Enquirer: 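So that we are looking at the same thing, I have put the structure below in structure tokens.
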Amino acid sequence: MSAYNWNWAVIVSEPYVGWLLDGLAVTVMLALSSWAIALVLGTVIGLARTLPSAPLRWLATGYVELFRNIPVLVQMFLWFFVLPELLPREAGHWLKRDLPHPEFFSAMVCLGLYTASRVAEQVRSGITSVPPGLAAAARASGLSLAQTYRYVLVPLGFRIIVPPLTSEFLGIFKNTSIALTIGVMEITASSRQIESYTFQGYEAFAAATALYLLLALLLLFLTRRIEARTRIPGWIARSNT
Amino acid sequence: MGHLDVNVILRNLPYLWEGLQLSFLLAAIAIAGGIFFGLIMALLRMSSIRPVAWIALGYVNFFRSVPLILVIFWIYFLVPLLLGHATGPFLSAVVAFTMFETAYYCEIIRAGVQSTPKGQISAGVASGMTWLQAMRHIVMPQAFRKMRPILLTQSIILFQDTSLVYVVTLRDFMTSVSTVASQELRMVELYLFAGAAYFAICFAGSRLINRLDGGFRR
Amino acid sequence: MIEIRDVSKWYGSFQVLKSCSVSVARGEVVVVCGPSGSGKSTLIKGVNGLEPCDEGEIVVDGLNVGVKADLRVLRTRVGMVFQNFELYPHLNVLDNICLAPMVVLKRKREEAEARARTLLGRVGLTDHALKFPAQLSGGQQQRVAIARSLAMDPVVMLFDEPTSALDPEMIKEVLDVMSDLARDGMTMIVVTHEMGFARRVADRIIFMDAGEIVEVRPPEAFFTAPESERARAFLSKILEH
């Protein structure tokens, strides 16, 4: 291959720098909105997996198995290409035509529901690694099952899983890149677009890489803060995972 | 929508099967390569020579911070530049997956090794072994037993991730599915089939791991 | 006060309790002893329904353990102290004591805290109100656990091997608190291996072996002239050294 013409100026000149920053904004918005879904749904499903009621446990287990055994890319296509076809005519039309940015919302739902299955596993492992005697003590003092969860199991279980949860949070940022396959213009898609306009592929990918590293660094900092704030004096949290 | 057309899948089954074989091949090479280099990386990471440990740590943190898709693009563009001539997407996919998975396997192996009590190495060294011998004969066998389920689970995730080579149009299962889908204009059938196929393989795989692991523990 | 009638329990095909019957009067202190695996813990955990029994019935202060509506009320009136303290690690000492009174009895915070501070004074830990459990010694933790149970104003206190997890030098401080409670007229069932305590404080000794209640006698009679061969064997083993 002939010598490559380096041109780092490309990534800081208009319009390309704008594309990268737009990509960054899309990545962040997509990651945060799907994380909100994942955290709420994952908590509910994870808690359901620890309940005494067998049907609820099976339902929750079924959800987790379904979503974690299908590649995210396939799930992305199912939400974006297949769902509108399976819905009643009007609803499908609305999804494809009238909803602004259907690719963004498909990706948001996809990543949210997928990550929920991973969050659910963490929540379950957090709850089950709370020593069983604590729940017994709570029940013995008259707390109901719901109160035992509310005041003892959840506060402790979530403290135990702060590290794995933050790594899931970083994971959702990385997984937003898969949304480029359905046309979401996030960071990686933007860098590819720059590559195809300018043929300066390495500079474009380097810029994208730098943005992801920056995000990871930021999240690491955030994680440290959260871990410090939720630390219980003298208590060593032990996770099963 | 109209009725689901099952025939479209049956008609294209041989073509899809070829794609699936490529997915398996890519996954198998990447698992073998990832575990091999992951082991080396883990040893470097635990090295007492600071700069060596730092470089390994940097490698791991770098690859755990960037998305796999970006790595696939990187290598897809880099490999021809380094080799001086164009190559097919398969080689670059193998390189990308191996480099990426090395970081993840490294962390699994390191965690496994560090969960083995320190005294075990001391005992080996006290009986005249070198550090590497103690690692090889005492620590590793124990550590591998502990991390086997996690290694296997990671391998299932890796198999799912091979679908991402779709972005460089390497003709794996996913790319084949999407090719057929657009040729036959049958996205619903094809992507549902892809979901079902991946689910069947990965679910069966994780069941098998549970069974094996239960068997080993007994 | 406490009626245990023909209680049996199985774990799978293994019978842990074999038609146990005993009654405890108001203000009485009963020590349950016997070899490990004899069913002592299972029996007292039956009293507040932590280990539901399969046959027979247990009635405490007119409330039937087997009736769900009764059980909630019963647990607010029966305090329990566990072998491993089971203090909630994420709450400080004061909040550990106040949780159940506030959540279950709906007491106001000021009221609950005032009562908690009185109880902390009673167990000699006034200065430790704002510490977290992991910052206390084992003996201190167990005294907090006793205060926590007393905060519910129980009519019965159950102790499940309260000193077994303690270092020898801390056992006395816990036993002293328990002796004080007994002197104040609390109805108590205590599973323990502390035979000195049993001799001094207990009104009656229940000796269990292999899931059966073998002897129920006043301490002097039990220790000087046990009726059964099994009790003699047990006593010779634990009193020898």
Side-chain angles (χ1 to χ4, degrees), chain A residues 1-4 27 65-89 92 118 167 170-171 173-181 186-189 191-192 195 199 201-202 204-206 208-217 219-220 241, chain B residues 1-2 4 23 61-62 64-78 80-86 111 150 153 156-157 159-167 173-174 177-178 181-182 186-207:
Chain A
M1 202 186 216
S2 55
Y4 182 82
T27 291
E65 291 295 347
L66 181 66
F67 279 87
R68 74 168 179 190
N69 281 310
I70 298 177
V72 185
L73 176 60
V74 179
Q75 296 189 32
M76 204 64 92
F77 283 11
L78 287 173
W79 287 108
F80 188 64
F81 294 122
V82 176
L83 179 71
E85 308 297 329
L86 295 181
L87 290 175
R89 214 178 166 74
R118 302 186 52 98
S167 111
L170 175 61
F173 274 86
K174 288 185 285 178
N175 280 338
T176 54
S177 63
I178 300 173
L180 71 85
T181 57
E186 43 65 69
I187 295 175
T188 307
S191 70
R192 270 191 85 206
E195 189 269 332
F199 300 105
Y202 301 108
F205 292 149
T209 306
L211 288 180
Y212 283 115
L213 291 180
L214 206 69
L215 283 174
L217 222 62
L219 293 185
L220 184 72
T241 49
Chain B
M1 59 161 289
L4 285 180
S23 296
N61 282 346
F62 176 82
R64 280 161 41 110
S65 303
V66 295
L68 176 54
I69 283 197
L70 187 61
V71 176
I72 294 173
F73 282 135
W74 258 120
I75 305 297
Y76 185 65
F77 281 84
L78 261 181
L81 185 80
L82 293 178
L83 290 180
H85 59 85
I150 313 171
T153 306
I156 289 184
I157 296 173
F159 173 68
Q160 293 186 22
D161 283 346
T162 58
S163 63
L164 294 177
V165 297
Y166 166 84
V167 298
F173 182 58
M174 190 60 196
V177 164
S178 123
S182 52
R186 282 286 174 186
M187 285 194 290
V188 175
E189 288 84 349
L190 265 300
Y191 290 137
L192 283 176
F193 174 69
Y198 274 115
F199 178 81
I201 295 165
C202 299
F203 184 69
S206 62
R207 287 290 98 160

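This one's a predicted model, so the numbers in the text were calculated from it and none came from an experiment. In what follows, chains carry the letters A, B, and so on, assigned in the order in which the sequence lines appear, proteins first and then strands, with residues in each chain numbered from 1.
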Enquirer: Heavy-atom distance under 4.5 Å to chain A: side chain of Tyr166(B), backbone, both or neither?
Expert: side chain

Enquirer: Below 4.5 Å from any heavy atom of chain A, which atoms of Met174(B) appear? Answer side chain, backbone, both or neither.
Expert: side chain

Enquirer: Please state whether the side chain, the backbone, both or neither of Leu170(A) comes within less than 4.5 Å of a heavy atom of chain B.
Expert: side chain

Enquirer: Cut-off 3.5 Å, side chains only: do Tyr212(A) and Thr188(A) have a donor facing an acceptor?
Expert: yes

Enquirer: For Leu192(B), is it the side chain, the backbone, both or neither that has a heavy atom under 4.5 Å from a heavy atom of chain A?
Expert: both

Enquirer: Which answer fits Thr162(B), side chain, backbone, both or neither, if we ask what part of it has an atom under 4.5 Å from a heavy atom of chain A?
Expert: neither

Enquirer: Heavy-atom distance under 4.5 Å to chain B: side chain of Leu211(A), backbone, both or neither?
Expert: neither

Enquirer: Under 4.5 Å from any heavy atom of chain B, what part of Arg192(A) do you find: side chain, backbone, both or neither?
Expert: side chain

Enquirer: Which atoms form the tightest heavy-atom contact between Ser177(A) and Glu186(A), and what is the distance?
Expert: CA-OE1, 3.3 Å

Enquirer: Taking atom CD1 of Ile69(B) and atom CD1 of Ile187(A), what is their separation to the nearest 0.5 Å?
Expert: 12.5 Å

Enquirer: Between Leu78(B) and chain A, with a heavy-atom cut-off of 4.5 Å, which part of the residue counts as in contact: side chain, backbone, both or neither?
Expert: both

Enquirer: Just jot down the side chain to side chain contact (heavy atoms under 4.5 Å, CB included) partners of Gln160(B), sequence neighbours excluded, or say none.
Expert: Asn69(A), Pro71(A), Ile156(B), Cys202(B)

Enquirer: Among Ala197(B), Gly195(B), Ala111(B), who wins on heavy-atom pairs under 4.5 Å with chain A?
Expert: Gly195(B)

Enquirer: Do the ring planes of Tyr191(B) and Phe81(A) sit parallel (below 30°), tilted (30 to 60°) or perpendicular (above 60°)?
Expert: parallel

Enquirer: Please rank Val167(B), Val177(B), Leu190(B), Leu164(B) by heavy-atom pairs under 4.5 Å with chain A and give me the top one.
Expert: Leu164(B)

Enquirer: With a 4.5 angstrom heavy-atom cut-off, which part of Ile178(A) approaches chain B: side chain, backbone, both or neither?
Expert: both

Enquirer: To the nearest 0.5 Å, how far apart are CD1 in Ile201(B) and CD1 in Ile70(A)?
Expert: 11.5 Å

Enquirer: Using the six-membered ring wherever Trp is involved, compare the ring planes of Phe73(B) and Phe205(A) and label them parallel, tilted or perpendicular (cut-offs 30° and 60°).
Expert: parallel

Enquirer: What's the spacing between Leu68(B) CG and Ile157(B) CD1 if we round to 0.5 Å?
Expert: 12.0 Å

Enquirer: Name the region of Gln75(A), side chain, backbone, both or neither, that has any atom closer than 4.5 Å to a heavy atom of chain B.
Expert: neither

